[in-house]
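Data block below; observations after.
Convention: sequence-line order gives letters A, B, ...; per-chain numbering from 1.
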There are 2 protein chains.
Amino acid sequence: MKKVKESSTNQLNKRSIELQCPVTFTLSIIGGRWKPLLLWHLQDGKKRYSELKKVLPQISEKMLIQQLRELESDGLVNRMAKEVVPPYVEYSLSAKGKDMHQLLKAMAQWGIKYRE
Amino acid sequence: MKKVKESSTNQLNKRSIELQCPVTFTLSIIGGRWKPLLLWHLQDGKKRYSELKKVLPQISEKMLIQQLRELESDGLVNRMAKEVVPPYVEYSLSAKGKDMHQLLKAMAQWGIKYRE
DNA sequence: ACAAGTACCTACCAAAAAGTAAGTACAAAT
DNA sequence: ATTTGTACTTACTTTTTGGTAGGTACTTGT
């Protein structure tokens with residue numbers, strides 16, 4: 001995982017605000033360039049790594065793996081390695097991740113309404 | 001406003017994804033450390049700059065002003081300068097910003113539920 | 001041998017977000 | 001004069017996020 005300076009004001013503020021504000025906590029888990037897209041694409045069922053790569057042609061492999069690992073670490077996504085030939089890895093939403101469905105929809109709706 | 005390199009892959013990807021994904025578009029407007037908190041605090045009515053500074057003791061003036069300016073620029077917040085003595089500035093949610101209430105609540109609920 | 005498929009890892013760099021410090025302007029009070 | 005209140009601006013630095021390039025390992029097919 002990426003190196004984080006735990007003693008920085010930046011990090012201390014982040015931790016503190018996440019405790020105070022549940023909105024910020026939620027955003028710290030689903031925010032960033034690629035996580036919302038990944039969560040959105042996993043809403044309609046499990047997907048293989050190669051499938052995710054296809055639906056997101058602009059993401060680098062490095063970012064794809066990193067974001068999936070973080071989502072897994074935060075408990076939103078389950079990772080299942082299949083020992084077949086060729087071997088592949090399957091990602092699916094956990095219960096926690098599925099519980100985010102309404103939220104993602106609300107975000108999409110607001111975005112669609114106010115996008116210009 | 002802050003200098004952004006419009007020709008960077010980073011920026012090109014950002015723009016492209018924001019067009020494709022309404023969730024990412026929404027998050028680009030309300031994301032970051034301080035905007036969710038500002039939006040949250042403005043839910044219950046207009047606030048002066050000095051009031052916002054008080055309820056968010058950890059925010060630097062630079063970040064406070066910058067984030068408010070961005071929220072204003074994106075149309076979520078109205079800024080009203082009062083020419084009294086002492087003069088003060090009042091920030092309030094626009095209709096667009098008020099329309100975000102349910103969304104913020106959903107985010108808060110998810111965060112409260114899964115915070116540990 | 002190479003190419004294609006599977007799914008990564010590592011080192012380094014670029015860009016963006018956030019933070020620090022110093023300053024501005026005005027008015028009123030001491 | 002300084003201090004306190006109002007609300008900023010600017011220059012620079014630090015930290016974090018995202019990108020680039022090279023590599024790993026295995027199997028199968030040509």
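Projected onto DNA chain C by closest heavy-atom contact, A:Y88 and B:V85 fall at different nucleotides, the more 5' of which corresponds to A:Y88. Comparing B:Y91 and A:T9, the nucleotide of DNA chain D nearest to each residue sits closer to the 5' end for B:Y91. Where A:N10 and A:E61 meet DNA chain D, the nucleotide closest to each residue was compared, and A:N10 sits on the side nearer the 5' end.
Ranking D:dT20, C:dA7, D:dC8 by closeness to the A:K62 side chain, first place goes to D:dT20. Relative to the side chain of A:I65, the nucleotides D:dG18, C:dA18, C:dC9 differ in distance, and C:dC9 lies closest. Comparing C:dA18, C:dC8, D:dA7 by their closest approach to the side chain of B:R79 singles out D:dA7.
Between the CD atom of B:E70 and the C1' atom of D:dC8 there is a distance of 16 Å, given to the nearest Å. The separation between A:E18 atom CD and D:dT16 atom C1' is 13 Å, rounded to whole Å. When the P atom of C:dA17 is taken as reference, atom NZ of B:K14 falls 6 Å away, rounded to whole Å. Here the P atom of nucleotide C:dT6 and the CD atom of A:E83 are 17 Å apart, to the nearest Å. Note: CD (A:Q66) to P (D:dT20) measures 14 Å, nearest angstrom. For the pair A:K5 NZ and D:dT13 C1', the computed distance is 12 Å after rounding to whole Å. If you take CD of A:E90 and P of C:dT6, they are 14 Å apart, rounded to a whole angstrom. For B:L64 and C:dG19, the CG to P distance is 12 Å, given to the nearest whole Å.
For the OP1/OP2 pair of D:dT16 and a distance below 4.0 Å, the side-chain nitrogens and oxygens of A:Q11 include at least one atom meeting the criterion. When the side-chain nitrogen and oxygen atoms of B:R33 are compared with OP1 and OP2 of D:dT16, none of them lie within a distance under 4.0 Å. In this structure, A:N13 does not reach the C:dA18 phosphate: none of its side-chain N or O atoms is under 4.0 Å from OP1 or OP2. Contact between the side-chain N/O atoms of A:R48 and the OP1/OP2 oxygens of C:dA7 is not found at any separation under 4.0 Å. When the side-chain nitrogen and oxygen atoms of B:S50 are compared with OP1 and OP2 of D:dT6, one or more of them lie within a distance under 4.0 Å.
In this structure, B:S16 contributes its side chain and B:N13 its backbone to no donor-acceptor pair below 3.5 Å. The closest donor-acceptor contact from the side chain of A:S94 to the backbone of A:N78 lies at 3.5 Å or more, if one exists at all.
Taking each heavy atom of A:S92 and A:K46 in turn, the nearest pair found is CB-CB, 3.7 Å.
At the heavy-atom level, B:S8 lies under 4.0 Å from the strands shown only through sugar-phosphate atoms.
The CD atom of B:Q58 sits 13.5 Å away from the NZ atom of A:K14 when rounded to the nearest 0.5 Å.
Using a 4.0 Å cut-off between charged nitrogen and carboxylate oxygen, A:R69 and A:E72 count as a salt-bridge pair.
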